[in-house]
Amino acid sequence: MSFSPQIAPLVKRGRFYFCRYLLKISPLAMSESAGHYEQERRTKLQKLRQLGIDPYGKRTAGVTPLATIKSQYKPEMGHDGGPDVIAAGRVMLKRDMGKLSFLTLRDETGDLQIALDKKRLSDRDWQIRDSVDLGDLLVVSGKLGQTNKGETTVWASTVSMASKALLPPPAKWEGLSDVELRYRQRYVDLWANPEVMRLMKLRIRVIDEIRRFMTNRGFVEVETPMMQTLAGGAAAKPFITHHNALDIPLFLRVAPELYLKRLLVGGFGKVFEMNRNFRNEGISPRHNPEFTMLEVYEAFGSWETMADLIEEMITMVAQNVIGTLQIEHANGRKINLQRPWRRARMTELVEEKTGWKFDKNPLQKPELLAGLGEKAAHYSPAEQLVEVYEKLVEPTLIDPCFVTHAPSVIIPLARENKEDPYFADVYELAINGVEISPGYSELNDPDLQAKHFAHQVGEKDQQQKMDEDFLTALKYGMPPAGGLGMGIDRLLMMLTGAESIRDVILFPLMRPV
RNA sequence: GAGCGCGUAGCUCAGUAGGUAGAGCAACGGACUUUUAAUCCGUAGGUCCUGGGUUCGAGUCCCAGCGCGCUCACCA
C-alpha cells in the first residue's frame, strides 16, 4: 500500500495520527476538493436521493447479458413485441431528444441500445433520466424490440441506478489511449476499450485450455513455495522480503523447478505448476517483474517427449482459442504453427545464418565479434555461440523452431549429451523471434549436479547459494525426467500480436506516482 | 542503470519565430418522441508534470527532478 505524500509522514508517526487525519476529511471537505466534473455528478447524486432513489442500487434478479438479449430478438417481435427482459450495463452513449432518449449500454458481452420513452416510464423513473451521466451503471426492464431504423432496443418500463459514476468516462470516440493511464487504470480500460476485455478473456481461455490439456494427459497440478529460503532454479536476481517471527530473509521464487523435482524424488510421476515467478531485473516490452510460467516434469521423459508435448499443446491451444494455426498479427507478421515443427541444433542454425562453423574454439570472425559488443571477446566459445544465436539467429525464427543442444556449461540443471557432453540434451523453442519455452532432459546425477552448482556459484554472483537440500533429495534418487517451462505471457504475445507484455497482463507493474 | 522521445481542459489532441491558452468530444443552460460519435442555439472550463533559471515577457529556451514510452544494458 502506498500513501500520498501528504499522508505518508502521518502514517509513519503511527496509526493514531493516520486515523485522526482520516477523520478530518468530511464528505463536505472532499467534495470541496473534487473537480468540476465530480461536483456536477455529486449534485445529481443529491437530487436522486431527494427523490428517494438509491443511486447505488441493490441486488437485481434476472439480469441477462446484453449480447444474449440482443441475440434473442426475432423479426416477428417487431417494434416492441418481444419478451420482457432485464438489461444492466454502463452508459456509453446517450442521445436525448425531448421526451425520448436512446442510451447505449455496455457490459462484458457487448453493447445494447435501450430507449427511455416518457410515455412508458413512471414520473419518478423519468426523473432518473435527467440524472443519468455517461459512465453510470443502469438497470432497465422492458420489452425487447427494434427501432424504425432496425436497431435492437429494449423499450424501458422501469429504470434504476445501479451505481452513479462520480468520474466521467474517457472521450466516447477516442476512448482511453494513453498507455500509462490504461495500465494504471485497467478498471477503466477494460470497458472503455472492449478489445482489452476480449484479450484478457482470451488469456483466461488459453490458461484454461493448458490446464485441461495437462490434466487430460495425466499430469497433476501442484503448488510449491513462492516464498523460498533460497531462490534457485534460474540465474535471475530474486526479490527479497523478511519473515518477522523467524527473523530470516525470504526470497520470492524465480522458478519452481527445484521444488517440482523434489516431488519427482517424492514419487510424483507427472506434475506441473502454472503460476507466477518473480525476477528482480529490468522491465521491458518483454519483461514484467512478475510473470506467469508453466513448468512441467515427467518421470522417465526426456527433452524429446517435452518437445512433443509442447508442440501438441501450443497447436491445440491455438486451434481452440484462435481458431487457426496461421497466426497473423496486426503488423502483418505471419506465423505458421502447422506441425511438424523444425528441430535443429544450435550450431547448425548459427552456421546457417552466419557461416560460423562452431568447433569449440573462440570465434574468429571479426565482423561477427564486432556486432556482439566489447565484452564478447572475453567470452568462452560456448558463451559466444549462445550470444551469436540469441543476437542474430533467434530474432529471425518466426515460425516455431526447436533449437537443440545448447552448450552444457550454460545449463547447469540439464543432462549432458551421451555422444558429446559439450552439449546438453535440451531444446529452446523459439517462435515469433523470442524464446517461448525451454525443455530439458533433467540431470539426476547428484554428484554432477553438485559440480554444476559449484561451478555456477563460483562463477556467477554471490547471491546464488548452493541448494544443499536439493542435492540431498537427488541423493535419494530422482528418476530420469523430461522438464519444460513456458512463459505464458510471451505465448499470449505470440498468439495475439501484442507488442508489449503489459498488454497481456491485467495489472502490469507501474512505478507509484 | 544509460541514451533518445513524450507530459497542455475530464478524454483525444493542436499551439508557428519567446508576446494575454486553442479545437473536437465530454460538462452546464435551452429546443427536440426513432437516434446511431444524434442535431441545433448559447455558456463555462487550465498548477501547460514539478521546482529553479534566462528574459521586459516562457507552454515554447536552459538546468534539476518526477512519470511514461522506445532502444540498450541486466535477464542461461
Side-chain angles (χ1 to χ4, degrees), chain A residues 5 34-41 43-44 79-80 92-104 111-121 133-135 145-153 155 165-185 188 192-193 233-238 254-255 277 279-289 291 346 373-375 379 382-383 385-387 389-391 394 406-414 424 426 428 435 438 440 452 456 459-461 464 485 487 499-500 502 508 510-513:
Chain A
H36 166 249
Y37 280 79
E38 186 172 338
Q39 202 54 257
E40 294 283 358
R41 284 164 184 251
T43 306
K44 291 175 179 173
H79 184 261
D80 57 0
M92 298 307 295
L93 297 168
K94 187 155 157 278
R95 297 175 286 280
D96 290 333
M97 55 213 74
K99 300 186 175 66
L100 175 69
S101 290
F102 292 104
L103 313 191
T104 302
D111 291 0
L112 179 68
Q113 175 167 278
I114 60 154
L116 305 181
D117 180 346
K118 190 169 194 304
K119 281 191 316 209
R120 294 168 186 263
L121 292 168
D133 287 308
L134 298 186
Q146 220 172 43
T147 61
N148 297 344
K149 297 279 171 63
E151 179 78 23
T152 301
T153 299
W155 300 95
L166 294 179
L167 295 173
K172 61 186 176 187
W173 188 242
E174 293 87 358
L176 188 66
S177 63
D178 182 317
V179 292
E180 181 175 355
L181 281 179
R182 289 190 42 228
Y183 300 147
R184 285 189 195 279
Q185 299 191 292
V188 174
N193 298 311
K237 290 192 191 71
V254 295
N277 288 341
R279 297 189 181 178
N280 203 344
E281 320 217 313
I283 296 176
S284 85
R286 283 164 300 283
H287 302 261
N288 195 61
F291 61 100
M346 185 177 281
E374 66 258 26
K375 280 192 294 180
Y379 285 175
E383 286 168 328
L385 175 71
V386 172
E387 191 74 6
Y389 163 74
E390 283 180 356
K391 279 245 162 65
E394 190 175 76
S408 34
V409 288
I410 62 160
I411 311 178
L413 290 155
V426 298
E428 280 182 26
E435 185 188 340
Y440 305 164
H452 286 190
Q456 191 189 21
E459 181 174 86
K460 290 268 179 177
D461 51 327
Q464 199 79 11
E499 309 225 338
S500 169
R502 298 183 186 105
M510 300 294 275
R511 197 186 288 264
V513 191

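Naming convention: chains lettered A, B, ... in sequence-line order (proteins, then strands); numbering from 1 in each chain. These values consider heavy atoms only, across backbone and side chains, with no hydrogens, waters or symmetry-generated copies.
Out of B:C70, B:C11, B:C72, the shortest distance to the side chain of A:Pro170 is found at B:C11. Looking at the side chain of A:Asn148, the nearest of the listed nucleotides B:U34, B:C70, B:C11 is B:U34. Distance from the side chain of A:Leu176 is smallest to B:C11 among B:C11, B:U33, B:G67. Here the nucleotide nearest the side chain of A:Arg184, chosen from B:C11, B:C68, B:U33, is B:C68. With B:A38, B:G67, B:C13 as the choices, the nucleotide that has an atom nearest any side-chain atom of A:Met97 turns out to be B:A38. Distances were taken from every side-chain heavy atom of A:Thr147 (C-beta onward) to each of B:C70, B:U34, B:C68; the shortest belongs to B:U34.
A:Leu93 comes within contact range of the sugar-phosphate backbone alone, with a heavy-atom separation under 4.0 Å but no base atom that close. The residue A:Pro285 sits close only to the backbone: its heavy atoms come under 4.0 Å of sugar-phosphate atoms, none of a base. A:Gln113 comes within 4.0 angstrom of a base, heavy atoms only. Within the 4.0 angstrom heavy-atom criterion, no nucleotide atom of any strand lies near A:Phe291. Backbone-only contact: A:Arg502 has heavy atoms under 4.0 Å from sugar-phosphate atoms and none from a base. Heavy atoms of A:Asp96 sit under 4.0 angstrom from at least one base atom.
Formation of a donor-acceptor pair under 3.5 Å by the A:Thr43 side chain with backbone atoms of A:Arg41 is not found in this model. Under a 3.5 Å cut-off, the side chain of A:Asn193 and the backbone N or O of A:Leu176 do form a donor-acceptor pair. At least one donor-acceptor pair under 3.5 Å links the side chain of A:Asp178 to the backbone N or O of A:Leu181.
Counting to the nearest Å, the C1' atom of B:C13 and the CG atom of A:Leu181 are 14 Å from each other. Spacing between atom CD1 of A:Ile114 and atom P of B:U34 amounts to 17 Å, rounded to whole angstrom units. Note: CD1 (A:Ile283) to P (B:G67) measures 11 Å, nearest angstrom. Atom-to-atom, CE of A:Met92 to P of B:C11 comes out at 15 Å; the value is rounded to the nearest Å. Computed from coordinates, the A:Lys237 NZ to B:A73 C1' distance equals 11 Å when rounded to whole Å. For the pair A:Glu281 CD and B:C75 P, the computed distance is 7 Å after rounding to whole Å. What separates CD of A:Glu180 from C1' of B:G67 is a distance of 5 Å, to the nearest Å. Distance, A:Tyr183 OH to B:C70 C1': 12 Å, rounded to whole Å.
Between B:C49 and B:U12, the distance separating the two P atoms is 15 Å to the nearest Å. Nucleotides B:U50 and B:C68, compared at atom C1', are 15 Å apart to the nearest Å. Across the P atoms, B:A73 and B:A2 are found 16 Å apart, a figure rounded to whole Å. Taking atom P on both B:U55 and B:U60, the two are 16 Å apart, rounded to the nearest angstrom. Rounded to whole Å, the separation between the C1' atoms of B:C70 and B:G29 comes to 46 Å. Taking atom P on both nucleotides, B:C25 is separated from B:U36 by 14 Å, rounded to a whole Å. A distance of about 39 Å separates the P atoms of B:G65 and B:G24, rounded to the whole Å. B:A64 and B:U47: their P atoms are spaced 27 Å apart (whole Å).
Side chains of A:Gln113 and A:Thr153: a donor on one and an acceptor on the other come within 3.5 Å.
Two residues, A:Gly150 and A:Glu428, neighbour RNA chain B, and the one matched to the more 5' nucleotide by heavy-atom proximity is A:Gly150. Projected onto RNA chain B by closest heavy-atom contact, A:Arg120 and A:Asp178 fall at different nucleotides, the more 5' of which corresponds to A:Asp178.
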(message) Is there a side-chain contact (heavy atoms from CB on, under 4.5 Å) between A:Glu394 and A:Glu435? Walk through the geometry before answering.
(response) CA-CA 8 Å; A:Glu394 190 175 76; A:Glu435 185 188 340; 3.6 Å; yes

(request) In sequence, state the C-alpha distance, the side-chain angles, and the governing distance for A:Asp96 and A:Ser101, and then conclude on side chain to side chain donor-acceptor pair (under 3.5 Å). (result) CA-CA 4 Å; A:Asp96 290 333; A:Ser101 290; 2.5 Å; yes

Pairwise N/O distances under 3.5 Å, protein to nucleotides 22-30 of chain B:
| residue | atom | partner | partner atom | Å |
| --- | --- | --- | --- | --- |
| B:C25 | O3' | A:Lys172 | NZ | 3.3 |
| B:A26 | OP1 | A:Lys172 | NZ | 2.6 |
| B:A26 | N1 | A:Tyr37 | OH | 3.3 |
| B:A26 | N3 | A:Tyr37 | OH | 2.2 |
| B:C28 | OP1 | A:Lys44 | NZ | 2.5 |

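Within the shown strands, B:U71 is the pairing partner of B:A2 under the Watson-Crick or G-U definition, both distances less than 3.5 Å. B:A58 is unpaired under the criterion used here, namely a Watson-Crick or G-U wobble arrangement in which both key atom distances are under 3.5 Å. In this structure, B:U34 forms no base pair with any nucleotide, since neither Watson-Crick nor G-U wobble geometry is met with both distances under 3.5 Å. Within the shown strands, nothing qualifies as a pairing partner of B:A17 under the Watson-Crick or G-U definition with both distances less than 3.5 Å. Across all strands shown, B:G24 forms a Watson-Crick or G-U wobble pair, both distances under 3.5 Å, with B:C11. Pair check for B:U47 finds none; no Watson-Crick or G-U wobble contact set falls under 3.5 Å.
Evaluation of the ring-ring contact (aromatic ring centres under 6.0 Å, His included) rule for A:His79 yields A:Trp155 as partners, not counting sequence neighbours.
For A:Glu499, the CD atom sits in a loose shell: 12 or fewer heavy atoms of surrounding residues, nucleotides or ligands are nearer than 6.0 Å.
The phosphate of B:C68 (OP1 or OP2) has a side-chain N or O of A:Arg511 nearer than 4.0 angstrom.
The pair A:Asp133-A:Lys44 meets the salt-bridge criterion, with a side-chain N (NZ, NE, NH1 or NH2) lying under 4.0 Å from an Asp/Glu carboxylate O.
Note that CZ of A:Phe102 and NZ of A:Lys94 are 14.0 Å apart. Values are rounded to the nearest 0.5 Å.
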